[in-house]
Amino acid sequence: MAACLQLNAKPFSPLLSPNPVSTRTRKSGRISCSAASPSKRHTITLLPGDGIGPEVISVARNVLNLAASIEGIEFKYQELPVGGAALDLTGVPLPEETLLAAKQSDAVLLGAIGGYKWDKNEKHLKPETGLLKLREGLKVFANLRPATVLPQLVDASTLKREVAEGVDLMVVRELTGGIYFGKPRGFGTNENGEEIGFNTEVYAAYEIDRIARVAFETARKRKGKLCSVDKANVLEASMFWRKRIMAIALEYPDVELSHMYVDNAAMQLVRDPKQFDTIVTNNIFGDILSDEASMITGSIGMLPSASLGESGPGLFEPIHGSAPDIAGQDKANPLATILSAAMLLKYGLGEENAAKRIEAAVLDTLNKGFRTGDIYSAGTKLVGCKEMGEEVLKSVDSLVLSPV
Ligand code: IPM
Ligand code: MG
């Protein structure tokens, strides 16, 4: 089955709302539950990438397997290099075989890319270029980045409890256009002979219209509030963005639309983040605001993302980077990747029940007090990446989903 945007699909529960499903402990063990013979098969491309990528992907794969097998789903995996790992192996950050395999699969799960080793490479040989080419090649224009403050982790936020508690927002970021891809771009000299670097922020109507529809649909399935973020007081590309958003809004009279300049949005996100439900914005503002939103939750190590196109496989990845400083030390927080696997099941494959099992297991593991270093606080149990994975597996194994 190919993953795609299911604009008319039945409403999804907001990812990791504090009580996503009611659960009780399952008495039977893993064996009796996986007894059902697999009825659904999907091919998953795993792209571990660099730094902590391989560690978190290996943990997430185990969790994905168990949740899927309980639901009678079978996965075939293909693992390929991307980013720095691909540069070292093949000399390019996105080998053709990797893109082809990704395109031919049902969903793609990526770890992280980048590292000190490749930081000084020329642009076309940077790991980041591989990721951008992958997004472009898969045509995944809609990037969903939820930021939810879990009650268990509210004290991990640097914001005051009363500001952070209850935050549950979704950034819908345009991912394959704007200044990241706009032309002309490059290096040159100006009329005074001085060296310059330049990029172009450009959006065509179709690019804004399609991301607007995804955002309105997303808002409709959440609390029905959409805030479009732009810089329409200065930039023509933003004036046009606002015009198209307003045009598409006519199709969604039930969604409450507001507009905000990006500088104000950056301020409002830390002043009163609960005012936001769904945010839609361009590629670069979305890059920046989603990092800011993630920090409200306390740890970027907790946040997943989904990148979806009109057809073809979706790309699922944690928001965090490759964290080269802790790579290979079993210190990484695998929960963002595990939750990305849940998004893969839900948005990529339409396997809602398996996704709910993972979400519930992550909450259960946090409820039991297990924490990696990035979310550790006094009185909780410090564990490494692998042990956190083992604990989530135990919870997937023991929780029973009650009908919602
Ligand atoms: C992200 C990252 C990427 C981006 C980089 C690694 C190219 O910051 O996914 O937010 O800028 O989109
Ligand atoms: Mg970013």
Side-chain angles (χ1 to χ4, degrees), residues 47-53 56-57 81-87 92-94 98-99 102 108-147 169-182 185 197 199-201 203 207 211 229 262 265-266 269 279-297 299-309 314-325 327 332 336-337 339-340 343-344 347:
L47 306 177
D50 309 321
I52 58 170
V56 292
I57 284 287
V82 71
L87 276 164
V92 290
L94 180 67
T98 299
L99 180 59
V108 182
L109 186 64
L110 176 95
I113 53 104
Y116 311 129
K117 185 175 172 189
W118 310 282
D119 271 355
K120 295 208 170 72
N121 283 12
E122 272 181 68
K123 186 173 164 263
H124 71 286
L125 297 178
K126 281 188 183 297
E128 288 78 3
T129 303
L131 178 58
L132 295 179
K133 279 184 184 296
L134 182 65
R135 291 172 179 170
E136 189 183 22
L138 293 174
K139 298 190 172 70
V140 284
F141 66 87
N143 184 214
L144 307 187
R145 296 189 164 190
L169 64 90
M170 176 75 89
V171 178
V172 179
R173 169 189 177 192
E174 200 292 325
L175 200 62
T176 53
I179 200 164
Y180 272 57
F181 294 92
R185 65 188 298 158
N199 292 87
T200 303
E201 167 75 353
Y203 272 107
E207 293 176 293
I211 192 71
V229 172
V262 63
L269 266 174
I279 291 175
V280 62
T281 192
N282 69 11
N283 204 342
I284 185 127
F285 298 160
D287 178 44
I288 298 163
L289 293 181
S290 63
D291 265 27
E292 190 188 356
S294 76
M295 260 300 116
I296 300 168
T297 72
S299 173
I300 199 163
M302 289 299 301
L303 296 180
S305 79
S307 304
L308 307 166
L315 172 64
F316 302 84
E317 51 178 315
I319 290 189
H320 63 69
S322 59
D325 52 323
T337 313
L339 292 170
S340 299
M343 285 190 106
L344 179 155
Y347 296 97

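Both counts, for ligands and for their atoms, begin at 1 and track the order of listing.
- One option in K126, E128, R145 has a heavy atom closer to atom 1 (C) of ligand 1 than any other, and that option is R145.
- Close contacts between ligand 1 and R173 involve ligand atoms 1 (C), 4 (C), 9 (O), 10 (O), 11 (O), 12 (O) [criterion: under 4.0 Å to a heavy atom].
- Contact detail for M343 and L144: the closest heavy-atom pair is CE-O, 4.1 Å.
- Using a distance-only test at 3.5 Å, with no hydrogens or angles considered, no donor-acceptor pair links the side chain of S322 to the main chain of D50.
- Residues I300 and M295 approach most closely at N-CE, 3.7 Å, considering heavy atoms.
- When all heavy atoms are compared, the tightest approach of I296 to L269 is CD1-O, 3.4 Å.
- Contact between E317 and ligand 1 is absent, with no heavy atom of the residue lying under 4.0 Å from the ligand.
- Distances between N or O atoms of Y180 and those of ligand 1 include at least one value under 3.5 Å.
- The minimum heavy-atom distance between F181 and L175, with the atom names listed, is CE1-O, 3.5 Å.
- For the atom pair CG (L169) and OG (S294), the distance works out to 10.0 Å, reported to the nearest 0.5 Å.
- For atom 9 (O) of ligand 1, the closest heavy atom belonging to the protein is R135 NH2, 2.6 Å.
- Annotation: atom 8 (O) of ligand 1 to nearest protein heavy atom, D287 OD1, 3.2 Å.
- When the Mg ion (ligand 2) is compared with the N/O/S atoms of D287, atom OD1 turns out nearest.
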